[in-house]
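Structure, as structure tokens:
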Number of protein chains: 2
Amino acid sequence: MAFDVDEALLAAVNVFWAKGYDGASVKDLTEAMGINSPSLYGVFGDKRSLYLKAIERYASNDACAPLVAFETEPEIAAAVRAFMEAAIGYATEHESGARGCFLTSCVSTSAGEVEGVEPLLRQAIEETDARLAARFDKEKAKGCLPEDFPSLERAKLMFDLRQGHVFRARAGLERKSMTGDLDHRVRMVLA
Amino acid sequence: MAFDVDEALLAAVNVFWAKGYDGASVKDLTEAMGINSPSLYGVFGDKRSLYLKAIERYASNDACAPLVAFETEPEIAAAVRAFMEAAIGYATEHESGARGCFLTSCVSTSAGEVEGVEPLLRQAIEETDARLAARFDKEKAKGCLPEDFPSLERAKLMFDLRQGHVFRARAGLERKSMTGDLDHRVRMVLA
DNA sequence: GGCATTTTGTAATGAACACTACAAAAAAAT
DNA sequence: ATTTTTTTGTAGTGTTCATTACAAAATGCC
């Protein structure tokens, strides 16, 4: 039976997320993916290529969940809050059991060692910044935010705050230790 | 000649920082440390024990540089800014060439896999939060901040903002892309 | 100076690593 | 139905891994 490539790739994300690139063996990967190593090499190329594909998949899907929350909530302050809450929830209660964020908590480690990783990280950051800023620009066009509202800087601010939550979650801190100041943070973003 | 244990440990930090725990071989470590493997095992125990000691050393020394900047600057707003600038500088221009922060960019990855790491990370975070909060409490006692100023929450905010810069630095983004909004961030920390 | 300890230098150990080979079975394509 | 492609299942390859052994040299301690 031909295996479901996307399902296998998602399984690979979860292994890399739990163990990092060097800590995840091809045996770990093939077991989680439910395929044999010749199939892994046949379809994905090699371990590093699989890793790059895993990063791309994560960056274009999972990492976007808080973005989607931000984009779909109609009122902007509620949208900022939704982003933060989604990010915290995602980092503390992922269905795979992994904590933090694959990109920040694992892929970062290999940025200087595995060729091709750093550009992907940079791209993911820049695209997230841009996507967050685009929502702010929409609010400005509607007159809900001032014309001189610094969309990109506030987008970066939201992204940076998320990284703090991610690190805390990875270190095992409780969700509720991260939710006490969200009102202030939302105000900070929209000030 | 007996080797300098602290110098060797610092060299180990730099290797682990560049390659992560699994990516750093004992050969890499002994070469950088300038000792032979029986000495590494004799003095430090084994690779994992060395790693834990490297984390502790980093957490009690290097990770503290922005804290020291925050604690030594007499005026509180300038102190907050000094923290941010020191954190950015540290993450982008470390003398070893490493980018980001050892704890966030590398140690995080092994949090769920290497026994003993997660408690150290948690401790480092909590101690940093407390140390930042202590400076705020001092300012409150002096009457420079309001009595109801939420020291711990703002300490956490500063720490979380730092994580954003750390991730960007690790991904290779330029220092100047991170410094455009510091005024706003300082204001929000003290609001 | 003599003895004890540490370090060097080197080699070895057993296991694990990423990746490939290949025949048979299964699935997909025609 | 036949042919082609993919996958399974298994084993093998050469290298690397963390760690230990051990003799000789160097250093530290009394």
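All values derive from a computational prediction rather than experimental measurement. In what follows, every chain begins at residue 1, and chains take the letters A, B, ... in the order their sequences are listed.
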In a table with atom names and distances, give each donor-acceptor pair under 3.5 Å that connects a side chain of residues 110-120 of chain A to protein atoms at least two apart or in another chain.
| unit_1 | atom_1 | unit_2 | atom_2 | d |
| --- | --- | --- | --- | --- |
| A/Ser110 | OG | A/Tyr51 | OH | 2.6 |
| A/Ser110 | OG | A/Val107 | O | 2.9 |

To the nearest Å, how far apart are B/Glu31 CD and C/dT8 P? 14 Å
5' precedence on DNA chain C between B/Val5 and A/Lys47 (nearest-nucleotide basis): B/Val5
Once you round it to whole Å, what is the distance between C1' of D/dG9 and CG of A/Leu40? 15 Å
Starting at atom CG of A/Asp4, determine the distance to atom P of C/dA27, rounded to an integer number of angstrom. 15 Å
When rounded to whole Å, the CG to P distance for the pair B/Leu50 and D/dT19 reads 10 Å
D/dC17 P sits how many Å from B/Asp46 CG, rounded? 17 Å
Contact residues, residues 7-18 of chain B to DNA chain D [heavy atom, < 4.0 Å]: none
Is it true that A/Arg57 and A/Asp6 make a salt bridge, defined as a side-chain N closer than 4.0 Å to a carboxylate O? yes
Could you tell me whether A/Val26 contacts a base, only the sugar-phosphate backbone, or nothing, with contacts defined as non-hydrogen atoms closer than 4.0 Å? sugar-phosphate
In whole angstrom, what separates B/Tyr21's OH from D/dC17's P? 13 Å
Checking C/dT20, D/dA21, D/dT19 against the side chain of A/Pro38 (C-beta onward), the nearest is C/dT20
From C/dA21, C/dT7, D/dT7, nucleotide with atom closest to A/Phe3 side chain: D/dT7
OP1, OP2 of D/dT20 versus side-chain N and O of B/Ser37: anything below 4.0 Å? no
Short side-chain N/O contact from A/Ser39 to OP1 or OP2 of D/dT8, under 4.0 Å: yes
Is the closest side-chain donor-acceptor distance between B/Asp22 and A/Tyr21 under 3.5 Å? no
Assess whether a salt bridge exists between B/Glu56 and B/Lys53, defined as any Lys/Arg side-chain N lying under 4.0 Å from an Asp/Glu carboxylate O. no
With a 4.0 Å cut-off on N to O distance, would you call A/Arg175 and A/Glu93 a salt bridge? yes
For B/Asp22 and D/dT16, what is the distance between atoms CG and C1' respectively, to the nearest whole Å? 14 Å
Quickly work out the B/Met33 CE to C/dT7 C1' distance and round it to whole Å. 13 Å
If you check every side-chain atom of B/Asn36, which of C/dC19, D/dA18, C/dG9 has the closest atom? C/dG9
For A/Gln123, what residues pass the side-chain hydrogen bond (donor to acceptor under 3.5 Å, both in side chains) criterion, not counting sequence neighbours? A/Glu127
Of A/Asp28 and B/Val43, the one whose closest DNA chain C nucleotide lies more 5': B/Val43
Closest non-hydrogen atoms of B/Phe167 and A/Leu103, given as atom of the first, atom of the second and distance, are CE1-O, 3.8 Å
